[in-house]
Amino acid sequence: GDSVTQMEGPVTLSEEAFLTINCTYTATGYPSLFWYVQYPGEGLQLLLKATKADDKGSNKGFEATYRKETTSFHLEKGSVQVSDSAVYFCALIPTGGGNKLTFGTGTQLKVEL
Amino acid sequence: GAVVSQHPSRVICKSGTSVKIECRSLDFQATTMFWYRQFPKQSLMLMATSNEGSKATYEQGVEKDKFLINHASLTLSTLTVTSAHPEDSSFYICSARERGTFFGPGTRLTVL
């Protein structure tokens, strides 16, 4: 079945460091891909998405490019801030899959001064 | 953006009791809501899809008699964990769809 694999955390970075959180997926066709963020004590929020190959989703300085050839959707940010500390979830909706999101296990990011 | 609330945010109960969790869409109507369960350091697992005015659709392996879902109105879905046991302790999250999927803040259930 469809699945999403994320790098294990926690990832600890210093402020202004470069961030990459890897995400790969297994699905047929062309799923829609998402990154969600969960700040402490809050619900998940959509961070960015991409719905077709080579699309780049971006928001709040974060970017991810839909790579069909490597079935990947890695999350990147050039300079992280302490306020970016959260858990990041990669997710997909399969082709024709309606509203059902399949999530990765989440990656906790800790940014220190 | 659309707001989804959950109540309560935390609940502690004794083994054998039932617990009801509410999920509300505050500023939009949601014909479909979703219930997820999140274990520590694990992914969100979809439990069921809640449809207003009809029976919920449960994912494989989820006991529908244990996790009762009622979607009584376009803004409210409830999840009742019946005869809760310690292994039901988890973080339960709902979401509702309205030109995008919006998540509630979650409910932490602890069964003693």
Side-chain angles (χ1 to χ4, degrees), chain A residues 1-12 21-27 31-51 57 59-60 73 75 85-94 96-110, chain B residues 1-10 21-52 56-62 71 77 90-108:
Chain A
D2 300 325
S3 65
V4 176
T5 302
Q6 285 180 241
M7 58 189 293
E8 284 192 26
V11 173
T12 303
I21 300 178
N22 290 337
C23 171
T24 57
Y25 67 89
T26 301
S32 295
L33 302 175
F34 305 83
W35 276 101
Y36 281 85
V37 57
Q38 185 179 30
Y39 297 104
E42 298 184 18
L44 276 75
Q45 302 172 28
L46 178 64
L47 181 59
L48 53 85
K49 67 178 181 182
T51 58
N59 185 26
K60 299 182 181 179
F73 193 54
L75 182 68
S85 298
V87 181
Y88 293 82
F89 290 91
C90 186
L92 68 81
I93 291 179
N99 302 323
K100 288 188 179 181
L101 281 157
T102 297
F103 286 90
T105 54
T107 302
Q108 184 175 13
L109 170 65
K110 297 179 181 178
Chain B
V3 178
V4 176
S5 71
Q6 283 185 240
H7 178 78
S9 57
R10 290 179 179 271
I21 302 169
E22 293 183 348
C23 176
R24 294 183 185 271
S25 55
L26 295 186
D27 49 4
F28 66 100
Q29 295 183 332
T31 56
T32 302
M33 293 183 175
F34 302 88
W35 287 96
Y36 294 84
R37 184 173 178 177
Q38 185 181 21
F39 294 97
K41 298 185 178 181
Q42 294 189 31
S43 179
L44 279 75
M45 182 189 75
L46 179 64
M47 300 174 65
T49 303
S50 171
N51 302 296
E52 190 268 338
T57 304
Y58 290 83
E59 296 299 302
Q60 192 173 11
V62 178
H71 196 150
S77 175
S90 191
F91 195 56
Y92 292 88
I93 301 173
C94 72
S95 70
R97 183 156 181 89
E98 196 250 359
R99 289 180 295 179
T101 300
F102 298 92
F103 287 83
T107 297
R108 172 73 62 191

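Proteins get letters first, then strands, A, B, ... in listed order; numbering begins at 1 in each.
- Closest non-hydrogen pair, S43(B) versus G104(A), comes out as OG-O, 2.7 Å.
- For chain B, no part of F34(A) is nearby; none of its heavy atoms comes within less than 4.5 Å.
- Neither the backbone nor the side chain of F39(B) comes within contact range of chain A; no heavy atom of the residue lies under 4.5 Å from a heavy atom of that chain.
- Of the atoms belonging to L46(A), not a single heavy atom falls under 4.5 Å from chain B.
- Of the two parts of Q38(B), only the side chain, counted from C-beta on, holds a non-hydrogen atom closer than 4.5 Å to a non-hydrogen atom of chain A.
- Contacts between L44(B) and chain A at a heavy-atom distance below 4.5 Å involve backbone atoms as well as side-chain atoms.
- Annotation: the span from I93(B) atom CD1 to Q38(A) atom CD amounts to 5.0 Å, rounded to 0.5 Å.
- Around atom CD of E59(B), more than 12 heavy atoms belonging to other residues, nucleotides or ligands sit under 6.0 Å away.
- Heavy atoms of Q45(A) lying under 4.5 Å from chain B are absent altogether.
- Taking CG of L101(A) as the start and CZ of F103(B) as the end, the distance is 5.0 Å to the nearest 0.5 Å.
- For T49(B), the part lying under 4.5 angstrom from a heavy atom of chain A is the side chain only.
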